[in-house]
Amino acid sequence: MKKNYWQIYWSRKTNGEHRLNLEEFLEKEASEKLYLLDGGNNILDIGCGAAELLTYYAGQYENCIGVDQSETMLYQARKRIENLHLGHKIKLIHQSASHIWEELKLNFRNHYPFDRITAGQLIQYLNKEQIDSFIANSMRYLTPNGKIWLFDIVDSRTYELWLSGLYNKNDLNISILLKIIGKRIKDRLKILAGKPISDMGYGYSPMFFITIAKKYGLQVSFTNSMYYEYRYHAVFSQPLIP
C-alpha cells in the first residue's frame, strides 16, 4: 500500500460519507456524540472533514478547532461554517492527524487547552503505531480532566458479519458461508498486491485499545454506536484519584 494512499483517497471527497448525508441524520449523530462528550469548553476535532458534526459541537463548546488533511473537505467545511455564521467559534487547520501535533506545539507550547480531543471515523485509516502515537500526543494537550474520544471505530469482530448479511440473521447458511470465504480470499489477494482491503481501512477490537490504555496508565471504556452496527466508540481519561 502506498504511503499516501488515504491522502489521495480523501483528496477527492467533499463529505464525510456518513450513512446518510441528510441534515436530519447528521443532527442525530451529533446529538449522540455530544451526549457522550459530556461537557467541556474547548474541543479539538481531528479528521473533522466537511465540519458536518463540528458545527453542531460549536453549539456547546466555546472554542472549536477542526483539523483535516483534505483541502476539498476543508473547502466544504469553510462554506458550511460561513453559512451557519460560526466563524467566530470554529478554527480550521489543514494538517494530517500525524503532523498536527507539531503545529499545536508551536501555538500552545506547554499549555493544555483542550477539554476534549475527538476523532470521528478516522481511526480506521491509521495503523497500530499511528494510533499509539495519536493517544500519546493527545495526552499532552488535554486539561487535567480532559478526555480523548475515538468515535466510530470499525469493529473487526462484527464488520465481516455485517458485510456477509449474517449480522441480522440467526442461522449460517451455505450462501453466507461461501460469501465469507470468498471475501477472505479477495482480501488476501489485495494484501499480497499491497492494496487496502477496503475503503473502510482497518478494523480493531477493544482489546487493542485496552492494551494502549494500560501502556499510558489511562482508563478506557467503550460504547456501541447508535447508528452503525459494526462501529463502537472508545474514551480515554486519566484514572480517578481516590
Side-chain angles (χ1 to χ4, degrees), residues 1 3-11 13 15-19 29-30 32-34 36-37 43-54 57 65-70 73 93 95-101 104 114 116-142 146-160 162-163 187 191 196-216 218-237:
M1 181 173 60
K3 183 178 180 180
N4 63 345
Y5 177 87
W6 297 118
Q7 287 91 330
I8 295 173
Y9 176 83
W10 283 106
S11 68
K13 302 295 182 179
N15 65 72
E17 297 189 344
H18 300 266
R19 173 157 288 178
E29 188 174 332
E32 174 203 16
K33 291 173 171 59
L34 281 168
L36 294 171
L37 286 168
I43 186 169
L44 173 66
D45 185 20
I46 300 180
C48 69
E52 293 131 319
L53 302 182
L54 184 59
Y57 297 168
I65 295 181
V67 179
D68 206 276
Q69 66 180 4
S70 170
M73 296 285 276
I93 298 177
Q95 191 55 271
S96 69
S98 297
H99 294 97
I100 183 58
W101 312 109
L104 292 177
F114 301 113
R116 301 290 184 269
I117 294 179
T118 69
Q121 296 193 25
L122 168 69
I123 295 304
Q124 66 205 61
Y125 302 114
L126 303 180
N127 60 35
K128 291 182 177 181
E129 291 75 20
Q130 290 171 323
I131 295 173
D132 187 299
S133 178
F134 184 96
I135 298 299
N137 282 305
S138 293
M139 291 169 57
R140 295 164 52 201
Y141 295 96
L142 282 178
K147 297 179 181 180
I148 305 166
W149 272 100
L150 308 182
F151 288 125
D152 297 319
I153 302 163
V154 175
D155 191 333
S156 57
R157 304 166 303 171
T158 58
Y159 182 54
E160 185 175 59
W162 183 80
L163 282 178
D187 289 349
I191 292 172
I197 291 176
S198 76
D199 291 344
M200 280 296 185
Y202 305 102
Y204 296 102
S205 72
M207 186 55 63
F208 168 65
F209 297 103
I210 291 173
T211 301
I212 291 180
K214 289 181 178 179
K215 177 178 179 179
Y216 294 109
L218 299 172
Q219 288 185 322
V220 63
S221 59
F222 308 95
T223 183
N224 291 328
S225 168
M226 291 177 61
Y227 299 105
Y228 301 90
E229 299 88 342
Y230 51 87
R231 294 183 184 272
Y232 65 97
H233 315 309
V235 57
F236 293 82
S237 60

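Note that the structure is predicted; figures quoted are calculated from it, not measured.
- Not a single side-chain hydrogen bond (donor to acceptor under 3.5 Å, both in side chains) links Asn127 to another residue, sequence neighbours left out.
- Here the closest non-hydrogen pair linking Ala119 and Phe134 is CB-CZ, 3.9 Å.
- Residue Phe151 holds its CZ atom at 12.5 Å from OH of Tyr228, rounded to the nearest 0.5 Å.
- Rounded to the nearest 0.5 Å, atoms CD1 (Ile46) and CG (Leu104) are 7.0 Å apart.
- Atom CG of Leu150 sits about 8.0 Å away from atom CD1 of Ile131, to the nearest 0.5 Å.
- Rounded to the nearest 0.5 angstrom, Ile210 CD1 and Leu218 CG are separated by 13.0 Å.
- For the ring pair (Phe, Tyr, Trp, His ring centres under 6.0 Å) test, residues two or more places apart in sequence or in another chain that qualify with Phe222 are Tyr232.
- Of all non-hydrogen atoms in Trp101 and Leu44, the two that sit nearest each other are CZ3-CD2, 4.4 Å.
- Cys48 and Leu54 get closest at one heavy-atom pair: CB-CD2, 4.2 Å.
- Residues forming a side-chain hydrogen bond (donor to acceptor under 3.5 Å, both in side chains) with Gln130 (at least two apart in sequence, or on another chain): none.
- Every residue meeting the side-chain contact (heavy atoms from CB on, under 4.5 Å) condition with Val235, not counting sequence neighbours, appears here in chain and number order: Lys147, Trp149, Ser221.
- Panel note: side chain Arg116, backbone Leu37; a donor-acceptor pair is recorded below 3.5 Å.
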Kindly indicate, with the supporting measurements, whether the criterion side chain to side chain contact (heavy atoms under 4.5 Å, CB included) is fulfilled by Lys215 and Ile135.
-> CA-CA 10 Å; Lys215 177 178 179 179; Ile135 298 299; over 6 Å; no
Please step through side chain to side chain contact (heavy atoms under 4.5 Å, CB included) for the pair Val154 and Tyr202, ending with a clear verdict.
-> CA-CA 7 Å; Val154 175; Tyr202 305 102; over 6 Å; no
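- When side chains are defined from C-beta on, Lys214 does not count as touching Val220, because their heavy atoms never get closer than 4.5 Å.
- For Lys128, the side-chain contact (heavy atoms from CB on, under 4.5 Å) partners two or more places apart in sequence, or in a different chain, are Tyr204, Phe208.
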So Glu32 and His233, side chain to side chain contact (heavy atoms under 4.5 Å, CB included) or not? Walk me through it.
-> CA-CA 11 Å; Glu32 174 203 16; His233 315 309; 3.0 Å; yes
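- Within the model, atoms OH of Tyr141 and CD1 of Ile117 stand 9.0 Å from one another, a figure rounded to the nearest 0.5 Å.
- The heavy-atom pair separating Asp152 from Ser225 by the smallest distance is OD1-OG, 3.7 Å.
- For Ser138, there are no side-chain hydrogen bond (donor to acceptor under 3.5 Å, both in side chains) partners, not counting sequence neighbours.
- Nearest heavy atom pair, residue Ser96 against residue Gln69, reads CB-OE1, 3.6 Å.
- For Tyr227, there are no side-chain hydrogen bond (donor to acceptor under 3.5 Å, both in side chains) partners two or more places apart in sequence or in a different chain.
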Lys33 and Thr118: side chain to side chain contact (heavy atoms under 4.5 Å, CB included), yes or no, with the steps?
-> CA-CA 10 Å; Lys33 291 173 171 59; Thr118 69; over 6 Å; no
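- Legend: residues meeting side-chain contact (heavy atoms from CB on, under 4.5 Å) with Ser133, ordered by chain and number and at least two apart, are Asn137.
- Contact record, Ile153 with Ala234: CD1-CB, 3.8 Å, taken as the closest heavy-atom pair.
- Note: Ile65 CD1 to Phe114 CZ = 4.0 Å, rounded to the nearest 0.5 Å.
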